[in-house]
Amino acid sequence: MSLRLTVLVVATALLGAPSGPARTPRAPSDYLYLWASSADSSGPDFLAVYDVRDHPSADHYGALVATLPVPGRGNRTHHTEHDMPADRPLFANGYGSGQSFIFDLAKPSAPRLVRQFGEVRGLMHPHSFWRLPNGNVLATFQMQHDSLGPAPGGLVELTPRGEPVRSASSNLAGVDRRVRPYSAAILPAVDRVVVTTTDMDNADTTRALQFWRLSDLSLLHTIELPNGPRGDEGYRSAEPRVLSDGRTVLVSTFNCGLYLLDRLTSPTPSARLVASFPRKALTYCAVPVVAGKYYLITVPAWGAVVSLDVSDPAHPREVSRLTLRSEDVPHWIGLEPNHQRLVITGYRAMRTRVVMARFDETTGRLALDERFRSAGSAEPGLRLEGITWPHGGNGPAVPHGAVFSRP
């Protein structure tokens, strides 16, 4: 009886909250948080806080406010949460070490490390973190080990302080052992979680996409994304995103395919290719964001961030393209809560650089923010080089996850 009551309470908390998108605030963000690695691993990895208050007379736009180093070296800083949660503990992973970190950002000028964690209930290498309606975090864990060696990981629900609530394994009969839970889209209104499966170590690649039941974390279905005319669009499922209706899901792949999910709650869910982008050797289409009726995604072959009108998700339509320099490879993009700015990090020529864009949610138009630049620099953006860091040292840093503060 007690166990049944607990399950009922958990399901009610998860499914009873509003499932649509949160109301978009009007006020701009004051701070930007960058999760950065020491470029040569000689120094610690750290969270950096930048002042992004902007007005015509502002001389502090893009100023460094504080840094907070984390234990160890070579954590390979990777994903943060994509949006700053209301309670302001921010989850961030260091994929190289398998360690993740929780930061208290209630006072942005003095960030605190709340907790560090790695393996949870036998699941290893946490990757992505998504907030549940009850305020907890659903985390994808890439792998675990069994008698045959590395195996598919699973999902873990964590409290905002990182304490495990429940977990579920993806290492089940019939699941390809190369599957590695990568990212997720949570749909409380229909009691589903869509999970992508790319292996961060690039050891193998599949076209697998998983459908889980949210209320009890049961794995229901695993399907393969169909390839398109190029023959490889369905490989390396990357980031699923819920559109503004709270029920429609688009799934991107690192091989630059874009898929619309059909019959999501049926016994036979499926996916169809609705758009694709060209590929450039050793680069991958990566992190997308949704802003109203627009879907924005990085396309490295163009050195660009592309804005698509997805009012009709079966027929995405390009409305704007922000093209950076030829050797820039944009990878991560983060959207300001009021949908007016977009932060961009990447690699190759962008390895130590952060760029800001302006976004018009009425038209979908993107434009480079020329004001956001290092003091005295001839190029837009911040270059994380030649800086004496507040925590010590002056080596270059490589940012990956980037998230705006809540207004």
Side-chain angles (χ1 to χ4, degrees), residues 19-21 24 82 130 182-198 206-212 214 220-279 284-299 301-302 304-322 333 335 339 342 359-366:
S19 60
T24 302
H82 293 265
W130 297 96
Y182 182 86
S183 189
I186 299 170
L187 297 97
V190 295
D191 194 20
R192 289 293 183 271
V193 183
V194 177
V195 177
T196 54
T197 62
T198 287
T206 75
R207 293 185 285 128
L209 183 73
Q210 296 187 329
F211 298 80
W212 296 64
L214 174 60
L220 302 175
H221 312 286
T222 300
I223 68 170
E224 286 195 335
L225 296 175
N227 284 324
R230 199 174 59 227
D232 67 352
E233 293 92 338
Y235 288 97
R236 301 182 187 276
S237 58
E239 296 287 349
R241 290 293 183 269
V242 183
L243 300 189
S244 58
D245 64 359
R247 295 171 179 267
T248 303
V249 177
L250 288 174
V251 177
S252 67
T253 69
F254 286 114
N255 282 12
C256 299
L258 184 61
Y259 291 82
L260 174 63
L261 301 188
D262 294 315
R263 302 187 303 276
L264 198 146
T265 61
S266 79
T268 57
S270 62
R272 50 180 157 145
L273 183 69
V274 294
S276 64
F277 304 99
R279 292 194 61 197
Y284 307 95
C285 294
V287 175
V289 298
V290 174
K293 67 177 184 178
Y294 297 105
Y295 177 97
L296 288 72
I297 188 167
T298 60
V299 181
W302 294 335
V305 178
V306 174
S307 175
L308 302 174
D309 183 334
V310 290
S311 300
D312 177 0
H315 302 93
R317 179 173 60 88
E318 182 177 340
V319 295
S320 183
R321 185 186 303 185
L322 174 63
I333 52 178
L335 185 66
H339 295 182
L342 194 74
F359 178 66
D360 184 336
E361 194 174 12
T362 303
T363 64
R365 182 177 180 272
L366 288 161

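The analysis underlying the following values was restricted to heavy atoms, covering all of them including side chains, and did not include hydrogens, waters or symmetry mates.
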Let me confirm one number: the CG-CG distance from Leu273 to Asn227, rounded to the nearest 0.5 Å. 8.5 Å

Can you find a pair of side-chain heavy atoms, one from Leu264 and one from Val249, that are under 4.5 Å apart? yes

Of the non-hydrogen atoms in Ser320 and Gly364, which two are nearest, and what is the gap between them? CB-O, 3.4 Å

Quick one: do Asp312 and Arg317 make a salt bridge, cutoff under 4.0 Å? no

Hey, can you pull the donor-acceptor pairs under 3.5 Å for the side chains in residues 284-294, sequence neighbours left out?
{"from": "Tyr294", "atom 1": "OH", "to": "Thr362", "atom 2": "O", "distance (Å)": "3.2"}
{"from": "Tyr294", "atom 1": "OH", "to": "Thr363", "atom 2": "O", "distance (Å)": "3.3"}

Mark yes or no for whether Asn255, through its side chain, and Gly234, through its backbone, hold a donor-acceptor pair below 3.5 Å. no

Scan Leu220, Thr197, Thr196 and name whichever one has a side-chain contact (heavy atoms from CB on, under 4.5 Å) with Gln210. Thr197

Value rounded to 0.5 Å, distance of CG in Leu308 from CZ in Arg321: 10.0 Å

Rounded to the nearest 0.5 Å, how far apart are CZ of Phe211 and OG of Ser266? 8.5 Å

Please walk me through it: do Arg236 and Arg207 pass side chain to side chain contact (heavy atoms under 4.5 Å, CB included)? CA-CA 6 Å; Arg236 301 182 187 276; Arg207 293 185 285 128; over 6 Å; no

When you look at Leu225 and Glu233, which way does the side chain to side chain contact (heavy atoms under 4.5 Å, CB included) test go after all the steps? CA-CA 8 Å; Leu225 296 175; Glu233 293 92 338; over 6 Å; no

Side-chain heavy-atom pair Leu366, Leu296 within 4.5 angstrom cut-off: yes

Write down the atom of Leu258, the atom of Pro316, and the distance for their closest heavy-atom approach. CD2-CG, 4.3 Å

The reported gap from CD in Glu224 to OH in Tyr235 (rounded to nearest 0.5 angstrom) is 7.5 Å

Heavy atoms, side chains only, cut-off 4.5 Å: are Ser307 and Tyr295 in contact? no

Face-on cation placement of Arg192 at Trp212 ring, 6.0 Å and 45° thresholds: no

Any Lys/Arg nitrogen of Arg247 or Asp245 sitting under 4.0 Å from an Asp/Glu carboxylate oxygen of the other? no

Applying side chain to side chain contact (heavy atoms under 4.5 Å, CB included) to Val305 and Ile297, what does each step give before you reach the verdict? CA-CA 6 Å; Val305 178; Ile297 188 167; over 6 Å; no

Looking only at the aromatic ring of each residue, does the gap between the centers of His82 and Trp130 stay below 6.0 angstrom? yes

CG (Leu243) and OG (Ser311) are apart, to the nearest 0.5 Å, by 10.0 Å

How far apart are the closest heavy atoms of Tyr182 and Ala238, and which atoms are they? CD2-O, 3.2 Å

Under a plain distance cut-off of 3.5 Å, with no hydrogens placed, do Glu239 and Ser252 share a side-chain donor-acceptor pair? no

Does the pair Leu209 and Val194 meet the rule for a side chain to side chain contact (heavy atoms under 4.5 Å, CB included), with working shown? CA-CA 7 Å; Leu209 183 73; Val194 177; 3.9 Å; yes

Measure the spacing between CG of Leu250 and CG of Leu261 and express it to the nearest 0.5 Å. 7.5 Å

With sequence neighbours left out, what residues match Arg365 under salt bridge (charged side-chain N to carboxylate O under 4.0 Å, His left out)? none

Return yes if some donor-acceptor pair links the side-chain N/O of Arg272 with the main-chain N/O of Leu260 below 3.5 Å, else return no. no

If you take all heavy atoms of Val242 and Ala185, which pair is closest and at what distance? CG2-CB, 3.8 Å

Check whether Thr198 reaches the backbone of Ser237 with its side chain - one donor and one acceptor, N or O, closer than 3.5 Å. yes

Nearest heavy-atom contact between Pro278 and Val299 is O-CG1, 4.3 Å

Looking at Thr253, is its backbone amide N or carbonyl O close enough to the side chain of Tyr259 to form a donor-acceptor pair, meaning the two atoms are under 3.5 Å apart? no

